[in-house]
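What follows is one structure encoded as structure tokens, with my remarks underneath.
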Amino acid sequence: MPGLLLGDEAPNFEADTTQGRIRFHDFLGDSSWLCLASVSVLVPQEHPMALSLQDINAYNGEQPAEKLPFPIIADKNRELAVKLGMLDPDEQDKDGMPLTARVVFVFGPDKKLKLSILYPATTGRNFDEILRVVDSLQLTAYKKVATPVDWKPGDSVMVVPTLPDEEAKKLFPKGVFTKELPSGKKYLRYTPQP
């Protein structure tokens, strides 16, 4: 089955875009996080890229932008969409072709897939949630923490369970707080966001 799994290296495809021909790994660079989506409403600092969008200017505002701040990939024959597993077989166009699913891929600076969200073609995405997850991915990539359910930037984070208590005390000088549980287990440790 075509598609990408977490930890897979991004395919190094070449494609024509609204900003010229690109080689994906070169576009991604060595220090960028990149969001590849089948539609784009993301903020510019997240280094977005979109795949096969129609009427994006008309949809995103009353006055179409002459030039978007990110490239849109030309994929007329859907070869890249098929390769990346971006089609919804249950929803088809007038010619019986599967519609492009609402897909979001986030690649880290190591060019590996860090996030994959796949919605059916009939369901829109929550871009606030996607941006929240990107914040979490970037924080947890560099700090020995995890983010709990409904975490938002600035909230307390969880200390990863594999980090010994003594090391946690050194890494998190603002303190480590353990949630008391009926089981008496001490595995839920929190600290202010570093």
Side-chain angles (χ1 to χ4, degrees), residues 1-29 32-138 147 149-150 152:
M1 172 179 245
L4 294 173
L5 299 175
L6 293 180
D8 284 354
E9 185 172 271
N12 194 17
F13 60 86
E14 290 190 40
D16 291 322
T17 76
T18 54
Q19 294 182 5
R21 187 134 182 102
I22 61 125
R23 183 176 196 95
F24 194 61
H25 281 198
D26 293 341
F27 181 82
L28 181 55
S32 296
W33 287 77
L34 183 131
C35 183
L36 173 64
S38 53
V39 73
S40 183
V41 186
L42 298 177
V43 294
Q45 75 262 22
E46 297 303 338
H47 199 160
M49 175 181 265
L51 174 65
S52 294
L53 299 180
Q54 297 177 348
D55 302 326
I56 187 170
N57 284 332
Y59 181 80
N60 283 335
E62 292 180 20
Q63 297 296 320
E66 289 186 27
K67 187 171 183 182
L68 295 168
F70 51 85
I72 299 174
I73 299 171
D75 190 26
K76 185 177 178 182
N77 297 324
R78 300 182 186 188
E79 291 172 15
L80 187 56
V82 169
K83 181 177 184 174
L84 298 177
M86 298 175 84
L87 299 180
D88 182 346
D90 289 338
E91 297 297 327
Q92 299 178 358
D93 67 14
K94 62 180 176 52
D95 298 322
M97 293 290 294
L99 295 176
T100 303
R102 308 291 186 234
V103 178
V104 177
F105 294 126
V106 175
F107 297 98
D110 60 358
K111 298 179 178 54
K112 293 188 178 177
L113 184 65
K114 304 300 182 185
L115 171 73
S116 173
I117 303 175
L118 175 63
Y119 292 85
T122 55
T123 303
R125 287 159 293 200
N126 181 328
F127 285 97
D128 290 335
E129 171 62 6
I130 292 167
L131 294 174
R132 183 192 78 83
V133 173
V134 169
D135 285 336
S136 173
L137 290 169
Q138 291 175 336
T147 57
V149 65
D150 296 328
K152 293 181 279 320

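Note that the structure is a prediction, hence the values are computed from the model and not measured.
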> Between L4 and L84, is any pair of side-chain heavy atoms under 4.5 Å apart?
Replying inline: yes
>> One thing to verify: whether R78 and D95 come together as a salt bridge, which I'm taking to mean a side-chain N less than 4.0 angstrom from a carboxylate O.
In response: no
> Are the side chain of D128 and the backbone of R132 linked by a donor-acceptor contact shorter than 3.5 Å?
Replying inline: no
>> If the test is side chain to side chain contact (heavy atoms under 4.5 Å, CB included), which one of D75, L87, D93 qualifies with T100?
In response: L87
> What distance separates L80 CG from L36 CG, expressed to the nearest 0.5 Å?
Replying inline: 7.0 Å
> Are the side chain of T17 and the backbone N or O of Q19 linked by a donor-acceptor pair below 3.5 Å?
Replying inline: yes
> Applying salt bridge (charged side-chain N to carboxylate O under 4.0 Å, His left out), which residue pairs with at least one partner in residues 109-121 are found, sequence neighbours left out?
Replying inline: D30-K111, D110-K114
> If you round to the nearest 0.5 Å, how far is NE2 of H25 from CZ of F13?
Replying inline: 8.5 Å
> If you take all heavy atoms of L34 and F27, which pair is closest and at what distance?
Replying inline: CD1-CE2, 3.2 Å
>> What's the separation between atom CG in D16 and atom CD1 in I72, rounded to the nearest 0.5 Å?
In response: 13.5 Å
> Looking only at heavy atoms, what is the nearest atom pair of D88 and D90, with distance?
Replying inline: OD1-N, 3.0 Å
>> Just checking D150: does its CG atom have more than 12 heavy atoms from other residues, nucleotides or ligands closer to it than 6.0 angstrom?
In response: no
>> Once ring-ring contact (aromatic ring centres under 6.0 Å, His included) is applied, do any residues pair with F107, and if so which ones, sequence neighbours excluded?
In response: F24
> Do you know the tightest heavy-atom contact between P98 and P89?
Replying inline: CB-CA, 4.2 Å
>> Return the CG to CG distance between D135 and L137, rounded to the nearest 0.5 Å.
In response: 9.0 Å
> Taking all non-hydrogen atoms of both residues, which atom of L99 and which atom of A121 are closest, and how far apart?
Replying inline: CB-CB, 3.9 Å
>> Can you give me the closest heavy-atom contact between V104 and C35, atom names plus distance?
In response: CG1-SG, 3.7 Å
>> For the OG1 atom of T147 and the NZ atom of K152, what is their distance to the nearest 0.5 Å?
In response: 11.5 Å
> From Y119 OH over to N126 CG, what is the distance, rounded to the nearest 0.5 angstrom?
Replying inline: 6.5 Å
>> Which heavy atom of P71 sits nearest to which heavy atom of T18, and what is that distance?
In response: CA-OG1, 3.5 Å
> Under the 3.5 angstrom rule, does the side chain of R102 hit a backbone N or O of P120 as a donor-acceptor pair?
Replying inline: no
